[in-house]
2 protein chains.
Amino acid sequence: MLVRGKADRASRPNLLGDLDIPSGLSASVGISEFTYRKGQEVYSENDPAEYVYQVRKGAVRRYKLLSDGRRQIGAFHLSGDIFGLENALVHRLSAEAVVETSVRLFKRQSLENGAETDANVFHRLLSMTTKNLRHAEDHMLLLGRKSSVEKVAAFLLEMDGRLTSAGLLSLPMGRRDIADYLGLTLETVSRAVNQLQREAVLKFIGKTHREIVILDRLRLSSFDIPG
Amino acid sequence: MLVRGKADRASRPNLLGDLDIPSGLSASVGISEFTYRKGQEVYSENDPAEYVYQVRKGAVRRYKLLSDGRRQIGAFHLSGDIFGLENALVHRLSAEAVVETSVRLFKRQSLENGAETDANVFHRLLSMTTKNLRHAEDHMLLLGRKSSVEKVAAFLLEMDGRLTSAGLLSLPMGRRDIADYLGLTLETVSRAVNQLQREAVLKFIGKTHREIVILDRLRLSSFDIPG
DNA sequence: CGACGAGTTGACTTCTCTCAATGAAGGTGG
DNA sequence: CCACCTTCATTGAGAGAAGTCAACTCGTCG
């Protein structure tokens with residue numbers, strides 16, 4: 001299962017509040033760092049939820065599997081994002097590095113202790129959980145009711161909003177991951193992306209077709225039907 | 001989550017904790033009751049989230065709409081369930097009564113005040129939000145990766161676990177609602193349910209085909225592929 | 001009684017999946 | 001640097017699951 005860096009050396013509470021990263025969460029104590037190779041497992045569903053993670057660099061996919069191997073990715077976590085916070089004893093989804101990824105990690109326990117005594121800490125726990133819930137609610141609408149092109153358009157716009165590197169979308173994940181996030185097959189994702197490219201809504205930059213420039217954001221938004 | 005026995009009986013704020021209903025939440029102050037007629041709106045997406053609700057009798061659907069009318073129901077709320085808790089200023093989904101439904105309602109504000117001072121109240125807010133998140137995570141897997149029969153089987157088992165009236169499933173919602181919950185059409189739901197009936201997995205009792213007895217729970221579970 | 005809403009069923013369409021072939025990119029080891 | 005291998009993306013052809021459209025039945029309720 002999981003190998004890990006050096007982890008925790010908790011000494012006092014002082015949790016959550018000394019990071020410069022938006023919605024940052026940290027402990028000035030009890031932190032350690034770790035780097036996962038591409039494809040490496042961070043934790044598996046039902047593993048004890050011992051740590052909470054913050055992505056420093058790279059990307060993580062969190063997913064559930066059916067017993068016959070079908071996979072649903074519930075979320076991608078990019079630089080700055082926190083994941084693995086379950087408010088429970090075990091993880092409900094598995095997590096893997098999409099590319100080489102380094103994370104900060106710290107003990108869940110120290111967070112919970114902090115929450116008991118510090119309303120501020122508790123407020124952040126609630127706020128992060130609520131953010132995940134909101135994302136899940138939006139994603140249910142996408143999964144249940146959108147067409148393949150609408151799904152892909154929504155995905156590109158979501159990533160465009162999160163991977164802000166000045167006009168260039170540089171996707172860390174491949175077609176398979178996108179498909180499992182959107183409830184499609186990789187072929188259908190490929191066809192949808194290439195359809196958008198043929199229609200001059202976007203264009204590819206690199207040769208891997210993971211670097212994308214959005215040419216017509218308005219038209220792309222028109223595929224991402226508003227609620 | 002948290003088991004609740006009789007829980008604390010905090011003397012003052014006395015929020016959350018004097019109900020005998022599982023996952024009960026109440027305020028001894030600021031409570032009132034209301035009854036909605038079948039189909040009546042409780043609140044709409046983006047309405048200010050002024051109240052939190054607990055179903056006393058009946059059923060509520062919470063959903064999102066696309067601009068062209070496609071609907072995704074995110075959850076049904078049955079007797080005892082709490083809904084409308086957003087940890088935000090506005091509701092992210094709309095809510096309507098599925099059948100005639102009475103609810104307890106109380107001001108969100110009083111909850112938030114309680115949370116600031118009472119760690120116990122805060123803990124329950126977090127716990128309820130986490131419960132909703134877990135449901136949404138499971139539902140994403142269903143929406144994105146399950147076949148129509150698997151979806152219907154999972155739905156029946158979910159309802160069977162929640163509407164415990166001794167062997168008889170008495171569904172408050174119609175085929176259209178079920179379809180919009182499962183990301184299907186009502187015809188596909190009808191075909192799946194009737195397929196299960198033909199295969200002697202379940203049988204209909206009333207004439208409306210909303211009362212169902214599960215004859216072969218094991219076989220029904222086999223359609224609801226495990227994670 | 002009659003209108004309406006809900007559920008079922010059939011025929012047909014369509015969207016997405018499946019299977020398969022091909023090509024490009026990147027890594028490895030000689 | 002090159003040959004080879006693996007992985008990833010694209011594309012086409014055909015199959016299949018679910019959607020659409022429509023007809024019909026059966027309760028319910030005014």
Side-chain angles (χ1 to χ4, degrees), chain A residues 37-39 61 66 68-72 98-100 142-153 155-156 169-198 202-212 223, chain B residues 37-39 61 66 68-72 98-100 142-153 155-156 169-199 202-212 223 225:
Chain A
R37 293 184 305 281
K38 175 178 167 175
R61 54 180 173 251
L66 294 175
D68 61 2
R70 281 174 286 175
R71 181 178 67 159
Q72 179 63 46
V98 172
V99 291
E100 172 160 313
L142 176 147
L143 290 171
R145 288 298 179 222
K146 291 188 180 177
S147 72
S148 61
V149 175
E150 289 167 348
K151 285 176 175 182
V152 168
F155 170 76
L156 293 172
L169 257 182
S170 186
L171 300 174
M173 71 290 286
R175 299 292 185 257
R176 160 86 58 187
D177 282 343
I178 298 172
D180 285 348
Y181 181 58
L182 300 177
L184 298 170
T185 59
L186 63 90
E187 292 94 334
T188 298
V189 171
S190 181
R191 281 185 248 267
V193 174
N194 284 285
Q195 177 189 325
L196 293 171
Q197 180 254 346
R198 278 194 304 278
L202 55 85
K203 75 176 175 210
F204 297 121
I205 296 298
K207 353 196 189 180
T208 62
H209 286 196
R210 290 197 191 183
E211 298 188 321
I212 291 173
F223 288 110
Chain B
R37 293 184 306 281
K38 175 177 167 175
R61 55 180 173 251
L66 294 175
D68 61 1
R70 283 173 285 175
R71 181 178 68 158
Q72 179 63 45
V98 172
V99 291
E100 172 160 313
L142 176 147
L143 290 171
R145 287 300 179 220
K146 291 187 179 176
S147 72
S148 62
V149 175
E150 289 167 350
K151 285 176 175 181
V152 169
F155 170 76
L156 292 172
L169 257 182
S170 186
L171 300 174
M173 71 290 285
R175 300 291 186 256
R176 159 87 58 186
D177 283 343
I178 298 172
D180 285 349
Y181 181 58
L182 300 177
L184 298 172
T185 60
L186 61 90
E187 292 94 334
T188 298
V189 170
S190 181
R191 282 186 247 267
V193 175
N194 284 285
Q195 178 189 325
L196 292 172
Q197 181 255 343
R198 277 193 304 279
E199 294 177 7
L202 55 85
K203 74 176 176 213
F204 297 121
I205 295 298
K207 349 193 193 184
T208 61
H209 285 196
R210 291 198 191 184
E211 298 187 321
I212 290 173
F223 287 111
I225 305 283

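Everything quoted here is computed from the prediction, not taken from an experiment. Below, read A as the first sequence line, B as the second, and so on, with proteins coming before strands; counting in each chain starts at 1.
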Where the side chain of B/R145 meets the backbone of A/R70, is there a donor-acceptor pair that is under 3.5 Å apart? no
DNA chain C: first to last nucleotide in contact with chain B (atom under 4.0 angstrom from a heavy atom), 5' to 3', is C/dA6 to C/dA11
Mind checking the CZ-CG spacing from B/R176 to B/L186? Nearest 0.5 Å is all I need. 5.0 Å
Nearest-0.5 Å distance, CD of residue A/E100 to NZ of residue A/K38: 11.0 Å
Look at the side chain of A/R175 and the backbone N and O of A/E187, then say whether any donor-acceptor pair between them is shorter than 3.5 Å. no
What string of B, S and - do you get for nucleotides 8-22 of chain D, 5' to 3', when a contact is any protein heavy atom under 4.0 Å? SSBBBB----SSBBB
Between A/E211 (side chain) and A/L169 (backbone), is there a donor-acceptor pair under 3.5 Å? no
Identified side-chain hydrogen bond (donor to acceptor under 3.5 Å, both in side chains) partner of B/Q195 from the options B/R191, B/E199, B/R198: B/E199
Parallel, tilted or perpendicular: ring planes of A/F204 versus A/H209, cut at 30 and 60 degrees: parallel
